[in-house]
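Structure record follows, encoded as structure tokens.
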Amino acid sequence: MKKLILFFSLFLAVSLFAAESDVITLTSPDGRIEVKTFSSGKMYFSVQYDGTYLIKQSPISMTLADGLVLGAAKPVSHRANSVDQELKPLWGSRSVIADRYNELVYDFKDNYSLQFRVYNDGVAYRWVTRMKGDIIVQDEQVELHMNSYIKGWFNESRTYETLYRYAAVPDKYKEHDIFLPFLMTTGTNAKIGITESDVYDYPALHLRKSNDYEDHLVSSFERYPVKEKQGGFNNYIMDVVERAGYIAKVSGKREFPWRVFVISDKDTKFADCDLVYQLARPQADMDFSWVKPGKVVWEWWMDYVIEGVDFETGINTPTYLKQIDFAAQQGAPYIIVDWKWTDRDNLLVINPDVDIKKIIDYGKEKGVGVILWCPSFTLYRQVKEALPVFAEWGAAGVKVDFFDRDDQKANQMYEVIAREAAENKILVDFHGCTKPTGLHRKYPNIVNYEAIYGNEVNKFSDPATASHTAMIPFIRGLAGPFDFTPGGFRNVHLGEMKARNTLPFVVGTRCHEMAYYVIYNEPLKMLADATTTYAKEMECFRMINEIPTVWDETKVLDGAIGEYIVSARRKGDTWYIGAITNESPRSYTLDCSFLPAGKYQAVIFKDGTNASKVATDYLVTTQNVDASSKLDIKMVGEGGFVIKIQPVK
């Protein structure tokens with residue numbers, strides 16, 4: 001029997017390679033990544049890195065409801081080209097992105113194409129159709145034949161908002177979805193981060209283990225919803241009660257989402273990768289000069305607590321006026337008015353305890369913008385009615401919450417809301433949402449997406465641990481900006497952690513929490529704790545409040561997934577360095593050779609001598625440095641450091 005299996009395997013391999021007589025190879029600009037493509041009943045592709053297969057010959061196709069299978073016929077022609085250009089995002093981790101890739105396009109007789117791009121950072125492909133009228137996509141087949149056992153870092157449950165774990169993917173994921181990004185080991189030094197870009201009017205890609213004993217991953221999509229009902233938490237969600245047999249009904253002339261594979265043998269690359277942004281469609285032809293990311297004072301996380309006032313704080317006008325006072329005093333550009341300021345089902349019916357017009361007007365007097373929370377499906381239903389009214393009031397933005405679906409109709413909502421908000425010069429912060437797929441490139445008024453297990457969970461459930469927060473930049477960061485909601489100043493170690501709704505705790509030292517303001521990609525960065533808590537801790541607060549939220553340059557200096565990360569970011573001529581470690585203490589030598597020539601002063605916030613016992617303990621030191629300097633810094637378990645380096649005038 002073993003001989004028979006061996007013979008069959010050899011026959012299959014020979015047959016497959018025999019079909020590769022028309023194989024075309026596409027190589028990354030630096031020559032390290034090689035993609036081989038060929039046609040044999042379906043289109044196949046494979047990926048090599050430094051000469052080793054990471055993805056073996058894998059079939060890809062798309063099936064339409066009329067029976068046409070994209071990729072089944074042989075292509076009639078192909079063409080290749082190279083691109084070397086610069087992208088200049090309105091905001092982000094750097095002011096200029098080098099966009100270099102080699103491209104291969106196959107054309108087929110039934111008015112469709114298959115497009116491949118290979119960058120130094122990875123590989124992407126997508127389908128493009130040029131058909132008349134609408135088409136129904138029955139399914140899209142993404143079948144990845146990996147070179148090793150399916151193992152890596154992924155969400156523990158069927159949601160973007162759970163802890164990451166590192167493990168061999170268990171067999172239950174033959175029936176349950178892996179949410180992207182999924183960061184895989186490969187049996188070599190290289191890893192692969194799988195995600196997608198340019199998802200418009202189409203369901204999000206999820207993955208499953210194949211239902212056999214092969215090392216395969218297969219695509220999974222939420223089917224098109226045909227019947228919905230209001231439900232979920234507090235009836236904020238439109239639950240799907242019936243789905244069609246297909247995944248999408250779309251225009252026959254369109255570009256489908258990019259399937260993206262970020263590849264590197266350096267963990268730091270996954271924490272600093274612009275590939276999703278590069279693959280997304282360009283900025284809409286609209287005025288976005290008014291878009292200003294920044295800090296936002298937030299009341300919900302700390303349960304509306306303001307100490308020492310002569311009124312009961314809560315969802316009421318005096319609380320928000322006090323929030324504005326603090327934001328104005330400290331130069332924070334925004335506050336959020338979170339849930340229950342308005343009716344759940346009609347955004348123009350206002351809670352009588354919240355004089356929203358007075359709050360917005362007071363904010364304008366003080367130079368503070370007001371961002372209004374909205375349930376997603378209510379705003380979508382009222383988008384042309386409510387957003388112009390919000391703009392007339394002078395609201396700065398909307399925080400849109402409780403999407404909690406990944407099907408085509410849910411993903412249509414993001415663009416509709418973003419476009420209408422842009423028309424009304426309103427910022428957008430998506431919560432309870434899908435991962436970013438580059439929509440913020442087309443509509444840069446989208447300044448955040450949640451899709452993360454962040455500090456808000458500390459109020460109710462298992463906390464965001466130091467290992468988890470040391471995974472976030474490498475995994476969730478692959479997709480784009482997020483909203484972890486940092487800034488908690490009741491810092492404790494994991495063994496002391498207790499969930500509580502009012503003035504919640506955070507895991508890690510004070511410097512660990514402060515470092516998020518440098519490391520995490522959050523253009524609209526929360527100041528989540530109570531303003532009176534910050535008033536008692538002004539030395540630390542001033543530091544986090546002055547750290548920019550968008551940057552001219554970023555360098556991830558060092559790191560290992562789930563263990564530690566050290567990032568340096570520059571705004572103008574000032575550098576900020578942030579570092580965090582997981583539960584293991586760590587000594588780190590910061591090499592300052594990234595600095596340009598010149599003399600600098602470094603202000604260093606680091607774990608205090610007793611920070612392993614008392615997580616709020618920290619020390620501040622100052623010293624002169626230059627590009628030849630090396631700074632030795634100790635981090636306790638769950639610790640970190642923050643450094644500001646600016647030229648000596």
Side-chain angles (χ1 to χ4, degrees), residues 62 126 136-142 154-162 164 172-182 193-209 217-233 236-250 254 256-260 276 279-280 375-377 379-380 400-418 428-440 446 448-453 475-476 478-483:
M62 179 180 287
R126 70 173 172 189
I136 294 176
V137 180
Q138 193 74 26
D139 210 345
E140 181 183 350
Q141 296 80 27
V142 180
F154 56 97
N155 290 111
E156 290 187 297
S157 301
R158 292 188 70 256
T159 171
Y160 297 102
E161 297 179 28
T162 60
Y164 291 117
K172 73 176 183 179
Y173 287 95
K174 293 179 179 180
E175 298 180 354
H176 299 294
D177 291 354
I178 302 168
F179 280 45
L180 303 184
F182 175 36
I194 305 174
T195 190
E196 58 182 340
S197 180
D198 212 43
V199 181
Y200 290 80
D201 193 20
Y202 200 74
L205 170 66
H206 302 160
L207 294 174
R208 293 186 178 187
K209 287 183 70 175
L217 289 166
V218 295
S219 52
S220 175
F221 297 92
E222 293 183 7
R223 305 280 121 179
Y224 187 83
V226 294
K227 184 182 292 186
E228 303 161 295
K229 69 173 183 179
Q230 196 165 350
F233 174 74
Y236 283 138
I237 300 164
M238 291 300 290
D239 288 328
V240 179
V241 295
E242 183 181 344
R243 293 190 181 274
Y246 56 87
I247 65 173
K249 182 178 181 180
V250 299
R254 64 161 293 163
F256 286 87
W258 289 101
R259 308 308 172 204
V260 183
V276 168
L279 287 160
S376 63
F377 287 90
L379 178 60
Y380 180 66
V400 192
D401 207 349
F402 290 108
F403 291 84
D404 288 0
R405 282 167 43 191
D406 255 353
D407 55 46
Q408 181 187 7
K409 285 183 70 174
N411 280 332
Q412 289 169 343
M413 294 169 58
Y414 296 104
E415 183 172 13
V416 170
I417 291 170
V428 179
D429 177 11
F430 286 129
H431 262 239
C433 60
T434 192
K435 66 194 177 301
T437 59
L439 185 61
H440 56 286
I446 304 173
N448 272 18
Y449 304 76
E450 187 184 23
I452 200 168
Y453 196 78
I475 308 170
R476 173 58 179 79
L478 273 178
F482 49 86
D483 194 357

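Bear in mind the structure is a predicted one, so any value in this text is a computation, not a measurement. Excluded from the calculations below are hydrogen atoms, water molecules and symmetry mates; all remaining heavy atoms, backbone and side chain alike, are included.
In terms of modelled atom types and a separation under 3.5 Å, the side chain of Arg126 and the main chain of Pro257 share no donor-acceptor contact. For Tyr414 (side chain) and Phe430 (main-chain N/O), no donor-acceptor pair under 3.5 Å exists by modelled atom type. Looking at Thr159, its side chain does come within 3.5 Å of a backbone N or O of Glu161 through a donor-acceptor pair. Within the 3.5 Å criterion, the main-chain N or O of Glu140 finds a donor-acceptor partner in the side chain of Ser219. Panel note: side chain Tyr449, backbone His440; a donor-acceptor pair is recorded below 3.5 Å. Counting only distance, with no hydrogens or angles, the side chain of Arg476 and the backbone of Pro481 share a donor-acceptor pair below 3.5 Å. Judged by distance alone, with hydrogens and angles left aside, the side-chain atoms of Asn448 form no donor-acceptor pair with the main-chain N or O of Asp429 at under 3.5 Å. In this structure, the side chain of Ser376 engages the main chain of Phe402 through a donor-acceptor pair within 3.5 Å. At least one donor-acceptor pair closer than 3.5 Å links the side chain of Glu222 to the backbone N or O of Asp406. The backbone N or O of Gln138 sits less than 3.5 Å from a side-chain atom of Arg223, completing a donor-acceptor pair.
A side chain to side chain contact (heavy atoms under 4.5 Å, CB included) with Tyr200 is found for exactly one of Glu415, Gln412, Gln408, namely Glu415.
Between Asp407 and Arg405 there is a salt bridge, since a side-chain N of the basic residue sits under 4.0 Å from a carboxylate O of the acidic one.
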*Evaluate the criterion side-chain contact (heavy atoms from CB on, under 4.5 Å) for residue pair Arg208 and Asp177; output intermediate values, then yes/no.*
CA-CA 5 Å; Arg208 293 186 178 187; Asp177 291 354; 2.6 Å; yes

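Aromatic ring orientation, Phe154 versus Phe182: perpendicular (interplanar angle above 60°, classes split at 30° and 60°). Relative orientation of the Tyr173 and His176 rings is perpendicular, given thresholds of 30° and 60° on the angle between their planes. The aromatic rings of Phe179 and His206 sit parallel to each other, their planes meeting at less than 30°, with 60° as the upper class boundary.
Summarising the geometry, atom CD1 belonging to Ile194 is positioned 7.0 Å from atom CG belonging to Leu180; distances are rounded to the nearest 0.5 Å. Atoms CG and CD1, on Leu439 and Ile417 in that order, are 10.5 Å from each other to the nearest 0.5 Å. Note that CD1 of Ile452 is 4.5 Å distant from CZ of Phe482, once rounded to the nearest 0.5 Å.
Counting heavy atoms from C-beta on, the side chains of Phe221 and Leu205 come closer than 4.5 Å. Taking the side chain as every heavy atom from C-beta outward, Tyr202 and Asn411 never approach each other to under 4.5 Å.
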